[in-house]
A.B. asks: 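Please read through the structure below; I'll follow up with questions.
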Amino acid sequence: MEICVFTEPQQGATYDELLAVAQTSEAAGYTGFFRSDHYLAMNVADGVGPSDAWITLAGLARETSRIRLGTLVTSATFRLPGPLAISVAGVDAMSNGRVEFGIGAGWYESEHTAYGIPFSRLGERFDRLEEYLAVITGLWSTPVGDRFTFDGSHFQLTDSPALPKPVQQPGPPVIIGGAGKKRTPALAARYAAEFNTPFMSPDDAAPLYRRVDEACELVERSTPIRHSAAQVVCCGRDDAEVARRAEAIGRDVADLRENGLTGSPAEIVDKIGRFADVGATRAYLQVLDLSDLAHVELIGSEVLPQL
């Protein structure tokens with residue numbers, strides 16, 4: 001099982017704090033360091049303020065050497081697909097091919113109104129996301145010297161040189177997630193290297209994995225799709241340490257045990273194993289207290305070796 005650290009910088013984090021977590025994660029043996037793509041904090045008082053996901057990852061690309069770097073997930077409402085394809089390709093080059101591209105339709109209306117970003121109805125956002133994926137993957141995979149043209153309802157590109165190319169070809173792995181029953185599995189089957197289930201139990205994740213696998217069969221996909229799960233984590237060597245970490249993030253231990261990966265290292269291993277039993281091969285551990293590097297190190301030393 002691959003294990004990645006997943007952070008929520010919109011809740012308050014400086015670049016230096018994110019860098020410390022990323023470098024600690026790399027040294028501790030995690031597969032990846034991922035961050036959300038949000039411009040507004042949720043359920044907390046105003047703090048440090050937002051940071052841009054791809055600017056942050058560009059910096060981390062130059063200050064790490066092994067760990068995978070990506071978004072869980074980039075909002076398609078924030079940026080035009082053509083310029084974003086250039087940005088992501090640039091970060092992929094800066095990291096020597098370590099970027100993964102999580103992408104979603106966008107959902108948090110308040111951050112859109114706070115920063116003047118248009119926010120349409122859900123159906124239209126999914127229509128835009130489908131074209132968005134076609135444009136970005138099309139730009140990345142167009143052979144050097146050829147031109148890319150796209151005539152969609154929301155995006156039109158004419159004779160694009162489709163440059164620069166990412167290091168990874170035909171492009172960085174695409175991650176799509178969610179609980180949608182029709183359009184999400186179809187988009188994942190067509191475009192994604194990975195399908196992610198965010199913050200749900202193994203029992204709830206299993207039918208979604210099956211639905212995506214069925215969608216892959218319908219399009220006669222030749223390569224398997226990876227399944228993953230994102231879960232908040234709160235690990236401690238004893239109950240007191242677990243309680244201290246839960247208090248630091250303003251969460252109830254009983255709720256975390258019910259709806260996350262919480263407890264001793266052995267308990268965390270067991271709970272991750274339940275996701276493996278239903279087909280997941282990667283887990284994203286949502287670390288909410290970014291100042292607690294010992295938490296990242298504890299999981300790295302006592303959980304990762306058992307997976």
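Remember, predicted model here, so these are calculated numbers, not experimental data.
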A.B. asks: Say whether E63 and Q23, considering side chains only, have a donor N or O and an acceptor N or O under 3.5 Å apart.
C.D. replies: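 The answer is no; no qualifying pair exists.
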A.B. asks: A side-chain contact here means heavy atoms from C-beta on lying under 4.5 Å apart; do L285 and V5 qualify?
C.D. replies: no
A.B. asks: Could D127 and R183 be called an ion pair, given the rule that one side-chain N must be under 4.0 Å from one carboxylate O?
C.D. replies: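 Yes, charged N to carboxylate O under 4.0 Å.
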A.B. asks: With sequence neighbours left out, what residues match D238 under side-chain contact (heavy atoms from CB on, under 4.5 Å)?
C.D. replies: A240, E241
A.B. asks: Can you tell me how far apart OG (S51) and CG (L18) are? Round to the nearest 0.5 Å.
C.D. replies: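 Going from the OG atom of S51 to the CG atom of L18 covers 6.0 Å.
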A.B. asks: Is it true that the side chains of T262 and R245 contain a donor and an acceptor less than 3.5 Å apart?
C.D. replies: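 T262 vs R245: no donor-acceptor pair found between side chains.
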A.B. asks: Consider only side-chain N and O atoms of S201 and D203, and report whether a donor and an acceptor are under 3.5 Å apart.
C.D. replies: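 No, no side-chain donor-acceptor pair sits under 3.5 Å.
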A.B. asks: With clusters built from Ile, Leu, Val, Met, Phe, Trp and Tyr whose side-chain heavy atoms come within less than 4.5 Å, directly or transitively, what are the remaining members of the cluster of V253, listed by chain and number?
C.D. replies: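 Members besides V253, by chain and number: V242.
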A.B. asks: Please find the pair of heavy atoms, one from A53 and one from D37, that lie closest to each other, and give the distance.
C.D. replies: CB-OD1, 3.6 Å
A.B. asks: Around N96, counting heavy atoms of other residues, nucleotides and ligands shown, do more than 12 lie under 6.0 Å from its CG?
C.D. replies: no
A.B. asks: Would you check, one step at a time, whether the test side-chain hydrogen bond (donor to acceptor under 3.5 Å, both in side chains) holds for Q286 with Q231?
C.D. replies: CA-CA 6 Å; Q286 186 192 49; Q231 293 276 294; over 6 Å; no
A.B. asks: Given the rule that I, L, V, M, F, W and Y join up when any side-chain heavy atoms are under 4.5 Å apart, are M42 and V287 in one cluster?
C.D. replies: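 No; V287 is not reachable from M42 via cluster members.
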A.B. asks: Keeping the roles fixed (side chain from T74, backbone from T71), state whether a donor-acceptor pair exists under 3.5 Å.
C.D. replies: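 Checking the backbone N and O of T71 against the side chain of T74, no donor-acceptor pair under 3.5 Å is found.
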A.B. asks: Look at the side chain of R98 and the backbone N and O of I67, then say whether any donor-acceptor pair between them is shorter than 3.5 Å.
C.D. replies: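 Checking the backbone N and O of I67 against the side chain of R98, a donor-acceptor pair under 3.5 Å is found.
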A.B. asks: Is it true that a side-chain atom of Q306 and a backbone atom of V303 form a donor plus acceptor pair closer than 3.5 Å?
C.D. replies: no
A.B. asks: If I compare all heavy atoms of P185 with all of G180, which pair ends up nearest, and what's the gap?
C.D. replies: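 Taking P185 first and G180 second, the nearest heavy atoms are CD-O, 3.3 Å.
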A.B. asks: Check which hydrophobic residues are tied to Y284 through side-chain heavy-atom contacts below 4.5 Å, counting indirect links as well, and list them.
C.D. replies: F6, F34, L72, V73, I175, F199
A.B. asks: With a 4.5 Å heavy-atom cut-off, do L57 and R35 have their side chains touching?
C.D. replies: yes
A.B. asks: Under the rule for side chain to side chain donor-acceptor pair (under 3.5 Å), what residues qualify as partners of D52, not counting sequence neighbours?
C.D. replies: Y39, R79
A.B. asks: Measure from the side-chain N and O atoms of R251 to the backbone N and O of L256, and report whether any donor-acceptor pair falls under 3.5 Å.
C.D. replies: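 No; judged by distance alone, with no hydrogens or angles, the pair does not exist.
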A.B. asks: Between T281 and M1, is there a donor-acceptor pair closer than 3.5 Å when you use the side chain of the first and the backbone of the second?
C.D. replies: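 Such a contact is absent between T281 side chain and M1 backbone.
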A.B. asks: Are side-chain heavy atoms of T31 and I3 found at a separation under 4.5 Å?
C.D. replies: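 SC-SC contact between T31 and I3 ruled out.
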A.B. asks: Kindly indicate whether the side chain of E297, heavy atoms from C-beta on, has any atom under 4.5 Å from the side chain of T24.
C.D. replies: yes
A.B. asks: Are a donor atom and an acceptor atom from the side chains of H38 and E111 found within less than 3.5 Å of each other?
C.D. replies: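 Note: H38 and E111 side chains meet the donor-acceptor criterion.
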A.B. asks: With side chain to side chain contact (heavy atoms under 4.5 Å, CB included) as the criterion, how do L187 and E130 come out once you've worked through the C-alpha distance, each side chain's angles and the decisive distance to 0.1 Å?
C.D. replies: CA-CA 7 Å; L187 290 177; E130 185 168 2; 3.7 Å; yes
A.B. asks: Answer with yes or no whether the hydrophobic clustering places F155 together with F126; edges join I, L, V, M, F, W, Y residues whose side-chain heavy atoms lie under 4.5 Å apart.
C.D. replies: yes
A.B. asks: Answer yes if I103 and W54 sit in the same cluster of Ile, Leu, Val, Met, Phe, Trp and Tyr residues linked by side chain heavy atoms under 4.5 Å apart, and no otherwise.
C.D. replies: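 Yes; tracing contacts between hydrophobic side chains, which count when under 4.5 Å, links both residues.
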A.B. asks: Checking S291 against D289 for the side-chain hydrogen bond (donor to acceptor under 3.5 Å, both in side chains) test, could you report, in this order, the C-alpha distance in whole Å, the side-chain angles of both residues, the deciding distance, and whether it holds?
C.D. replies: CA-CA 5 Å; S291 67; D289 183 359; 2.6 Å; yes
A.B. asks: So do I272 and L261 actually touch side chain to side chain, heavy atoms under 4.5 Å?
C.D. replies: yes
A.B. asks: Look up atom CG in L129 and atom OG in S75, then write down how far apart they are to the nearest 0.5 Å.
C.D. replies: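 Answer rounded to 0.5 Å: 9.5 Å.
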A.B. asks: Might you confirm whether atom CD of E247 has over 12 heavy atoms from other residues, nucleotides or ligands at distances under 6.0 Å?
C.D. replies: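 Not more than 12 within 6.0 Å, no.
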A.B. asks: Report all side-chain donor-acceptor pairs from residues 156-164 shorter than 3.5 Å, counting only partners two or more places apart or in another chain.
C.D. replies:
from : atom 1 : to   : atom 2 : distance (Å)
Q156 : NE2    : G152 : O      : 2.6
S160 : OG     : A162 : N      : 3.0

A.B. asks: Between the side chains of R257 and E267, is the shortest nitrogen-to-carboxylate-oxygen separation below 4.0 Å, so that they form an ion pair?
C.D. replies: yes
A.B. asks: Between the side chains of N196 and H227, is a donor N or O closer than 3.5 angstrom to an acceptor N or O?
C.D. replies: no
A.B. asks: Hey, quick one: are L84 and F78 part of the same hydrophobic cluster, counting side-chain heavy atoms closer than 4.5 Å, chains of contacts allowed?
C.D. replies: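 Hydrophobic grouping puts L84 apart from F78.
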A.B. asks: Got a sec, which residues hit ring pair (Phe, Tyr, Trp, His ring centres under 6.0 Å) with F150, two or more places apart in sequence or on another chain?
C.D. replies: none
A.B. asks: Tell me who clusters with L218, hydrophobic residues only, linked when side chains sit under 4.5 Å apart either directly or through other members.
C.D. replies: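 So far as hydrophobic clustering goes, L218 is joined with none.
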A.B. asks: R128: what forms a salt bridge (Lys or Arg N to Asp or Glu O under 4.0 Å) with it, not counting sequence neighbours?
C.D. replies: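 By the salt bridge (Lys or Arg N to Asp or Glu O under 4.0 Å) rule, R128 matches no residue at all.
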A.B. asks: Would you please classify the geometry between the H112 ring and the F119 ring as parallel, tilted or perpendicular, with 30° and 60° separating the classes?
C.D. replies: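 Because their plane-to-plane angle lies in the 30° to 60° range, the rings of F119 and H112 count as tilted.
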A.B. asks: With distance as the sole test, does Y30 use its side chain to make a donor-acceptor pair with the main-chain N or O of A22 at under 3.5 Å?
C.D. replies: no
A.B. asks: For salt bridge (charged side-chain N to carboxylate O under 4.0 Å, His left out), just list the numbers for E302 and R237, CA-CA rounded to whole Å, side-chain angles, deciding distance to a tenth of an Å, and then say yes or no.
C.D. replies: CA-CA 10 Å; E302 299 195 23; R237 293 181 177 85; 3.5 Å; yes
A.B. asks: Hey, is the main chain of H154 close enough, under 3.5 Å, to the side chain of E131 for a donor-acceptor pair?
C.D. replies: yes
A.B. asks: Does any non-hydrogen side-chain atom of F33 lie less than 4.5 Å from one of V21?
C.D. replies: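 Answer yes - side chains close enough.
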A.B. asks: Please check if V99 and I86 belong to a single hydrophobic cluster, counting links between Ile, Leu, Val, Met, Phe, Trp and Tyr side chain heavy atoms closer than 4.5 Å.
C.D. replies: no
A.B. asks: With sequence neighbours excluded, tell me which residues meet salt bridge (Lys or Arg N to Asp or Glu O under 4.0 Å) with R210.
C.D. replies: none
A.B. asks: Any heavy-atom pair between the side chains of R68 and E2 that's under 4.5 Å?
C.D. replies: no
A.B. asks: List in chain and number order the residues that pass ring pair (Phe, Tyr, Trp, His ring centres under 6.0 Å) with F195, two or more places apart in sequence or in another chain; answer none if no residue qualifies.
C.D. replies: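 F195: no ring pair (Phe, Tyr, Trp, His ring centres under 6.0 Å) contacts found.
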A.B. asks: Testing the basics here: between V167 and A93, what is the closest heavy-atom pair and its distance to 0.1 Å?
C.D. replies: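 That would be CG2-CA, 3.6 Å.
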A.B. asks: Could you tell me which non-hydrogen atom of P9 sits nearest to which non-hydrogen atom of S36, and how far apart they are?
C.D. replies: CD-OG, 3.5 Å
A.B. asks: Would you confirm whether H295, through its side chain, and C235, through its main-chain N or O, come within 3.5 Å as a donor-acceptor pair?
C.D. replies: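 Flag set: sc H295 to bb C235 pair under 3.5 Å.
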A.B. asks: Can you sort out the partners of Y191 under ring pair (Phe, Tyr, Trp, His ring centres under 6.0 Å), two or more places apart, ordered by chain and number?
C.D. replies: none
A.B. asks: Salt bridge or not for R226 and E100, using N-O below 4.0 Å?
C.D. replies: yes
A.B. asks: Do Y209 and T197 have side-chain N/O donor and acceptor atoms under 3.5 Å apart?
C.D. replies: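 Judged by distance alone, the side chains do pair up.
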A.B. asks: Strictly distance-based, threshold 3.5 Å: is any side-chain N or O of E194 a donor or acceptor partner for the main-chain N or O of I176?
C.D. replies: no
A.B. asks: Just wondering, do P83 and L80 contact through their side chains at under 4.5 Å, heavy atoms?
C.D. replies: yes
A.B. asks: For residues 133-145, which side-chain donor-acceptor pairs fall under 3.5 Å, sequence neighbours excluded?
C.D. replies:
from : atom 1 : to   : atom 2 : distance (Å)
T137 : OG1    : L133 : O      : 2.6
W140 : NE1    : A85  : O      : 3.1
S141 : OG     : T137 : O      : 2.7
T142 : OG1    : G138 : O      : 2.6

A.B. asks: What are the two closest heavy atoms between R125 and S120, and how far apart are they?
C.D. replies: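 Looking at all heavy atoms of both residues, the closest pair is NH1-O, 2.6 Å.
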A.B. asks: Please find the pair of heavy atoms, one from L298 and one from P265, that lie closest to each other, and give the distance.
C.D. replies: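 Of all heavy-atom pairs spanning L298 and P265, the closest is CD1-CG, 4.4 Å.
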